[in-house]
Number of protein chains: 2
Amino acid sequence: MINDLEMAVGDSHDESKLELRLWLRLLSTTKLISQELRRRLRTDFNATLPQFDVLSQLYRENDGLRLGELSQRTMVTNGNVTGLVERLEGDGLLVRERLGQDKRVTVAKLTEHGRREFEKMAAAHESWLKELMTGLDPIVLSGLFSHIGHIKRTAIEHLARAGELETLPD
Amino acid sequence: MINDLEMAVGDSHDESKLELRLWLRLLSTTKLISQELRRRLRTDFNATLPQFDVLSQLYRENDGLRLGELSQRTMVTNGNVTGLVERLEGDGLLVRERLGQDKRVTVAKLTEHGRREFEKMAAAHESWLKELMTGLDPIVLSGLFSHIGHIKRTAIEHLARAGELETLPD
DNA sequence: TATTGTTATACTCTATAACTATA
DNA sequence: TATAGTTATAGAGTATAACAATA
């Protein structure tokens, strides 16, 4: 069950492939944890990770979000956001509304049921992570948080330069 | 295009949700980079990330790997490894063989074409990562490598304790 | 003409479980 | 009985592109 891709580049400890080795370790780690979180989300809440992502975006926006904005924030294409939102609407967790002057714009907003349901999911989600990371030094976690942020910003910068991103995030 | 899930837990800088905040940042970062790598793998090599993972496992094993072993290393279930391997076999990148005394065992092994193809993919893959992580301090990368390894081992430990894993990795 | 969102399509991954054949 | 791998199934994610309504 354990990903070993990172070993496939060899055990050499030189710095020549540092980026690659770090990436493979990042990938296998997030895959390991993601699979467990997905399993629990499905078992306990019949939800997926992308769905959880959508709900969490809407939870903090009392006025809801335009689907295009939702698409950007979740890194899911417009077309696929439609399907994602449709499933959640089918479950009664959110509604779509066309209220503004611009008749093209659709806003997705959590229902009351959606808010309550997401609160349960978020609480469970948080406790799962605490469980899986029990025993880790807060100083280390805090340092990681900062450094991973740096990695992310660096990647975004290079992607923007290569024209892969329309919008630069904050 | 940029995932913002991590902001959804609020901007508080207390340590109460440190694990959660780190996790969300890890997830959005790997998603950002993964999407780009997947896009390039598909465009340039008509391959997927799980396929790349399989190939990289086989590349370093001259005698090939039993499918069960492959399943564990890639964190893909047995049934799904069959499909994954079938697609790669269809592309002529690997072959399946039943040679041992134990007639139940199937070994997957790269073909010559598969070796050459993977070498191209791996070289491109490595250069993409160098590109996306250009400018990062090697000391930082090295520290991250070590700390992420710690996170991974911690998660594995907790999962093993919860009976979620059959085998413990090295 | 450009933008917002939908529809259509094709493929792959993922999870689960029943099944075959060997051991 | 247990194990290795396959088959079957259902659901969801992903990428791409064409499309309708509106601006």
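All chains are named by letter (A, B, ...) in the order of the sequence lines, taking the proteins before the strands, and each is independently numbered beginning at 1.
Nearest approach of A:F52 to A:M121, heavy atoms of both residues: CD1-CE, 3.3 Å. The two residues A:F118 and A:L55 come nearest to each other via the heavy atoms CD1-CB, 3.6 Å.
Looking at the side chain of A:Q51, the nearest of the listed nucleotides C:dT6, C:dG5, D:dA12 is D:dA12. Counting only heavy atoms from C-beta on, B:R96 has its side chain closest to D:dT6 among C:dG5, D:dA12, D:dT6.
The closest side-chain heavy-atom distance from B:L67 to B:R96 is below 4.5 Å. Residues A:H125 and B:L24 meet the side-chain proximity criterion, which asks for heavy atoms closer than 4.5 Å. Between B:E131 and A:E19, the closest side-chain pair of non-hydrogen atoms is not below 4.5 Å. Side chains of A:L32 and B:L159 form a contact here, defined as non-hydrogen atoms less than 4.5 Å apart.
Listed in residue order, the members of residues 61-70 of chain A having a heavy atom less than 4.0 Å from DNA chain D come to none. Of the residues in residues 114-124 of chain B, none has a non-hydrogen atom less than 4.0 angstrom from any atom of DNA chain D.
Applying the side-chain contact (heavy atoms from CB on, under 4.5 Å) criterion to A:H113, with sequence neighbours excluded, gives A:L93, A:T111, A:R116, A:E117. For A:E61, the salt bridge (Lys or Arg N to Asp or Glu O under 4.0 Å) test picks out A:R73, with sequence neighbours left out.
Results of the side chain to side chain contact (heavy atoms under 4.5 Å, CB included) test with A:S71 over A:V81, A:V85, A:T82 single out A:V81 as the only residue that passes.
As judged by a 4.0 angstrom heavy-atom cut-off over every strand, B:T106 is placed among residues touching the sugar-phosphate backbone only. Backbone-only engagement by B:D102 is indicated by non-hydrogen atom pairs under 4.0 Å involving sugar-phosphate atoms exclusively.
Atoms CG (B:L84) and P (C:dC11) sit 17 Å apart, rounded to a whole Å. Rounded to an integer number of Å, the gap from A:D91 CG to D:dA12 C1' is 13 Å. Atom CG of A:L41 and atom P of C:dA15 are 12 Å apart (whole Å). We find that CZ of A:R40 is positioned 17 Å from C1' of C:dA15, with the value rounded to whole Å. The interatomic distance linking A:E97 (CD) with C:dT4 (P) rounds to 19 Å, in whole Å. Protein atom CD of A:Q101 is 15 Å distant from nucleotide atom C1' of C:dT4, rounded to whole Å. Taking atom CD of B:E86 as the reference point, atom P of D:dT6 lies 7 Å away to the nearest angstrom. Residue A:L37 contributes atom CG, which lies 12 Å from atom P of C:dA15 at whole-angstrom precision.
Judged by distance alone, the side chain of B:E97 and the main-chain N or O of B:G64 form no donor-acceptor pair under 3.5 Å. In this structure a side-chain-to-backbone donor-acceptor pair under 3.5 Å is present from A:H158 to B:T134.
Taking 4.0 Å as the cut-off between side-chain N and carboxylate O, A:K130 and A:E126 count as a salt-bridged pair. Salt-bridge check for A:R153 with A:E157: failed, with every basic side-chain N at 4.0 Å or more from each acidic carboxylate O.
Nearest-nucleotide mapping onto DNA chain D: of A:N46 and B:V81, the residue sitting toward the 5' end is B:V81.
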In 5'-to-3' order, the base (B), backbone-only (S) or no-contact (-) status of each nucleotide in nucleotides 14-21 of chain D, using a 4.0 angstrom heavy-atom cut-off, is BBB----B

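In DNA chain D, consecutive stretches of 3 or more Watson-Crick or G-U wobble pairs with both distances under 3.5 Å are given as paired ranges: C:1-23 with D:1-23.
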side-chain contact (heavy atoms from CB on, under 4.5 Å) between A:I33 and B:L27, worked out: CA-CA 10 Å; A:I33 297 178; B:L27 194 59; over 6 Å; no

